[in-house]
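Everything on this sheet refers to the single structure shown next.
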There are 2 protein chains.
Amino acid sequence: MATTQLESHVLSKSCQYALRAVVYIAARATPGHLVGAQEIADGLDIPKHFLSKILQQLTRNHLISSTKGPHGGFFLSEENERVTIDRIVEVMDGPGLFKACVLGMPQCSSDHPCPLHTQAVEYRDGLYNKLKRLNIKELATVVHKENIQL
Amino acid sequence: MATTQLESHVLSKSCQYALRAVVYIAARATPGHLVGAQEIADGLDIPKHFLSKILQQLTRNHLISSTKGPHGGFFLSEENERVTIDRIVEVMDGPGLFKACVLGMPQCSSDHPCPLHTQAVEYRDGLYNKLKRLNIKELATVVHKENIQL
DNA sequence: TAAATAAAGGATATAAGGGTCTTTTATTAG
DNA sequence: CTAATAAAAGACCCTTATATCCTTTATTTA
Ligand code: FES
Ligand code: FES
């Protein structure tokens, strides 16, 4: 009887963790102190081993940097700091999120719109454009200045 | 090595199917011809038994109507036609979708914003408001007039 | 009343996301 | 060189969404 409610989301949990972790790294990493997976996991209350997988994925895609061994950990190169937020989403959740039809139709375009195309596309593209223009460093700066909680 | 890409979505597949099915019913059902699950499944290329579950859920929540037996099927009462799209989303994907934080933080408000709150909220609320103001009959009318593909 | 029809409901199977654990590799300090 | 450290990598398990199948209930027509 009781209808089990789904827990819907725009971004996957992996992607949510990735974004929070990257901001955390941007905030805490210094040349003298790299940020370890353990530290991030503790600080953001994310399962450590799961987080590790995510950080590996980001590293492989050159969105963040890492070194092994004692005092190793994760950090952001100057290049990394200029990576835009949409890139992180793209790597974690695939390139389809901001292209795909809300109703799951094979094509999404004004030529072949689905019933909700008009309603959905305006805001979807709006968010996409914002994330494309926002890089990690900028986001971290705002988070610091506004004292935003991770 | 190869990073398996997730297939992200805003709405669950169940919800996507539900929305398309409801519009289909609105378009095809007449007092003399109720629309069967089989017909919808064929017309929209949705797995029949899966669709049945979804239609049951919509019926239980009084968003659509049904009768059993020969020439039975699904239809929309006048009350059903005034059901707004956000209600369908709410029943299928839960009430949290348009309330939850994009980064999965426990609270979403301008008092305790996450790093992407500003960017995301406009998108989320904008779509939500549109869907709250759009009912099934209106949507079906637009779909018919614009000759939109389901 | 009997047979046919179609939704409702329950049980089960499959796939993917989310999460844990162990081993390996690279780096550094001693 | 060795021990310690921490990321990388791979194997594995759990939960949930998706999908299928089978049985039951309600309705209609003959
Ligand atoms: S076609 Fe569905 S959102 Fe564009
Ligand atoms: S707090 Fe994250 S979207 Fe509002």
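All figures in this text were calculated on a predicted structure; none of them were measured in a lab. Computation of the quantities below employed the complete heavy-atom set of this structure, encompassing side-chain atoms and omitting hydrogens, waters and symmetry-equivalent molecules.
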Which side-chain N or O atoms in residues 139-150 of chain B pair as donor and acceptor under 3.5 Å with protein atoms at least two apart or in another chain?
residue: B:T141; atom: OG1; partner: B:K137; partner atom: O; Å: 2.8

Report task. Report the residues that fulfil side chain to side chain contact (heavy atoms under 4.5 Å, CB included) with B:A41, sequence neighbours left out, ordered by chain and then residue number. Result ->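 Partners of B:A41 by the side chain to side chain contact (heavy atoms under 4.5 Å, CB included) criterion, ordered by chain and then number, come out as B:K48, B:L51.
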Can you measure [X] atom [atom1] to [N] atom [atom2] for me and round it to whole angstrom units?
| X | N | atom1 | atom2 | result |
| --- | --- | --- | --- | --- |
| A:L58 | D:dA9 | CG | C1' | 16 Å |
| A:L55 | D:dA9 | CG | C1' | 14 Å |
| B:M92 | D:dA17 | CE | P | 11 Å |
| B:L11 | D:dT18 | CG | C1' | 16 Å |
| A:Q57 | D:dA9 | CD | C1' | 13 Å |
| A:Q56 | D:dA11 | CD | C1' | 13 Å |
| B:D93 | D:dT16 | CG | P | 16 Å |

side-chain hydrogen bond (donor to acceptor under 3.5 Å, both in side chains) with [X]: which residues, sequence neighbours excluded?
| X | value |
| --- | --- |
| A:E122 | B:K130 |
| A:S52 | none |
| A:S77 | A:N80 |

Requested in this report: Decide whether A:Q57 and A:N61 meet the rule of one side-chain donor and one side-chain acceptor closer than 3.5 Å.
Outcome: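 No, no side-chain donor-acceptor contact under 3.5 Å.
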Report task. Can you sort out which residues in residues 45-54 of chain B have a heavy atom within less than 4.0 Å of DNA chain D? Ascending by number, please. Result ->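 Output list: B:P47, B:H49, B:F50, B:K53.
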Query raised in the report: Of all of residues 25-35 of chain A, which get a heavy atom below 4.0 angstrom from DNA chain C, listed by number?
Result: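 The stretch gives none, as no residue of it lies under 4.0 Å from the strand.
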Query raised in the report: Listed in order of residue number, which residues of residues 67-77 of chain A have a non-hydrogen atom at under 4.0 Å from DNA chain C?
Result: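 Output list: A:K68, A:G69, A:P70.
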Query raised in the report: Hey, does the side chain of A:Y17 come within less than 4.0 Å of C:dG18's phosphate (OP1/OP2), counting only N and O?
Result: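 Looking at the OP1 and OP2 atoms of C:dG18, neither is under 4.0 Å from any side-chain N or O of A:Y17.
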Requested in this report: Report yes if a side-chain nitrogen or oxygen of B:S66 is closer than 4.0 Å to either non-bridging phosphate oxygen (OP1 or OP2) of C:dA8; otherwise report no.
Outcome: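 So the side chain of B:S66 is within the cut-off, an N or O lying under 4.0 Å from OP1 or OP2 of C:dA8.
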Requested in this report: Could you list the residues that satisfy salt bridge (Lys or Arg N to Asp or Glu O under 4.0 Å) with B:R124, not counting sequence neighbours?
Outcome: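 Expected list: none.
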**Report entry** Test salt bridge (Lys or Arg N to Asp or Glu O under 4.0 Å) applied to B:R28 - qualifying residues, sequence neighbours left out
**Finding:**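 For B:R28, no residue satisfies salt bridge (Lys or Arg N to Asp or Glu O under 4.0 Å) once neighbours in sequence are set aside.
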Report task. Group every Ile, Leu, Val, Met, Phe, Trp and Tyr by side-chain heavy-atom contacts under 4.5 Å, then state whether B:I88 and B:L134 land in the same group. Result ->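 Yes, B:I88 and B:L134 fall within the same hydrophobic cluster.
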Query - Any donor-acceptor N/O pair under 3.5 Å between D:dA6 base and A:Q38 side chain - result: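 No pair found.
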Requested in this report: Each residue besides A:F75 in its hydrophobic cluster should be listed here, by chain and number; the cluster joins Ile, Leu, Val, Met, Phe, Trp and Tyr at side-chain heavy-atom distances under 4.5 Å.
Outcome: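 Listed partners: A:L34.
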For residues 104-115 of chain B, which side-chain N or O atoms pair as donor and acceptor with protein atoms under 3.5 Å away, sequence neighbours left out?
residue: B:S109; atom: OG; partner: B:D111; partner atom: N; Å: 3.3
residue: B:S109; atom: OG; partner: B:H112; partner atom: N; Å: 3.2

